[in-house]
Amino acid sequence: RQKQGKASYTIKWMTGMPEIMDQIRQYDVREGKSVQVISRILGGVIVGVRGRRILISDDAACRIKV
């Protein structure tokens, strides 16, 4: 299921390799926080968090439940 178009979602849970999850959490992407889905691109998704836009690969994004 794809979600597109600047909608905001609250993260319910995240799984993955600890090193990758630590990097993602540095941008305040974590359980209970809201993220705005800006766009889907080939190989990833661009999300907005606290005024920043970050690219999360499809491999990591598929392990984040909103």
Side-chain angles (χ1 to χ4, degrees):
R1 181 172 79 171
Q2 290 187 7
K3 299 185 182 219
Q4 296 184 0
K6 295 189 181 184
S8 291
Y9 301 95
T10 301
I11 297 173
K12 295 179 183 176
W13 53 260
M14 302 183 345
T15 63
M17 294 176 50
E19 301 85 16
I20 302 301
M21 293 294 102
D22 287 345
Q23 288 180 340
I24 291 173
R25 287 184 180 110
Q26 287 180 357
Y27 295 97
D28 210 24
V29 176
R30 62 185 72 235
E31 294 85 349
K33 296 286 187 168
S34 292
V35 296
Q36 183 180 33
V37 176
I38 305 295
S39 180
R40 295 242 343 117
I41 64 167
L42 183 63
V45 62
I46 299 172
V47 297
V49 182
R50 297 182 61 172
R52 292 183 173 165
R53 291 183 179 189
I54 62 170
L55 172 64
I56 300 176
S57 71
D58 280 339
D59 289 340
C62 72
R63 294 178 175 93
I64 299 174
K65 173 69 173 171
V66 295

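FYI, the numbering just counts along the sequence from 1. Worth saying up front: this structure is predicted, and the values here are computed from it rather than measured.
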For the pair E31 and K65, find out whether any cationic side-chain nitrogen is under 4.0 Å from an anionic carboxylate oxygen. no

Nearest-0.5 Å distance that lies between atom CD in Q36 and atom CD1 in I46: 12.0 Å

Closest heavy-atom contact between R40 and D58? NH1-OD1, 3.1 Å

In this structure, CG of L55 is separated from CD1 of I41 (nearest 0.5 Å) by 4.5 Å

Are W13 and I64 connected in a single hydrophobic cluster, I mean Ile/Leu/Val/Met/Phe/Trp/Tyr linked by side-chain heavy atoms less than 4.5 Å apart? no

Mind checking whether K33 and V49 have side chains closer than 4.5 Å, heavy atoms only? no

Minimum-distance pair of heavy atoms, taken over all atoms of I56 and A60: CG2-CB, 3.7 Å

Does the R30 side chain pair with the main chain of R25, one donor and one acceptor, at a distance under 3.5 Å? yes

Atom pair CE/CD1 of M14 and I20 - distance to nearest 0.5 Å: 11.0 Å

Nearest heavy-atom approach of R50 to D28 is CD-OD2, 2.9 Å

Taking all atoms of both residues into account, what is the closest heavy-atom pair of A61 and V45, and its distance? CB-CG1, 3.8 Å

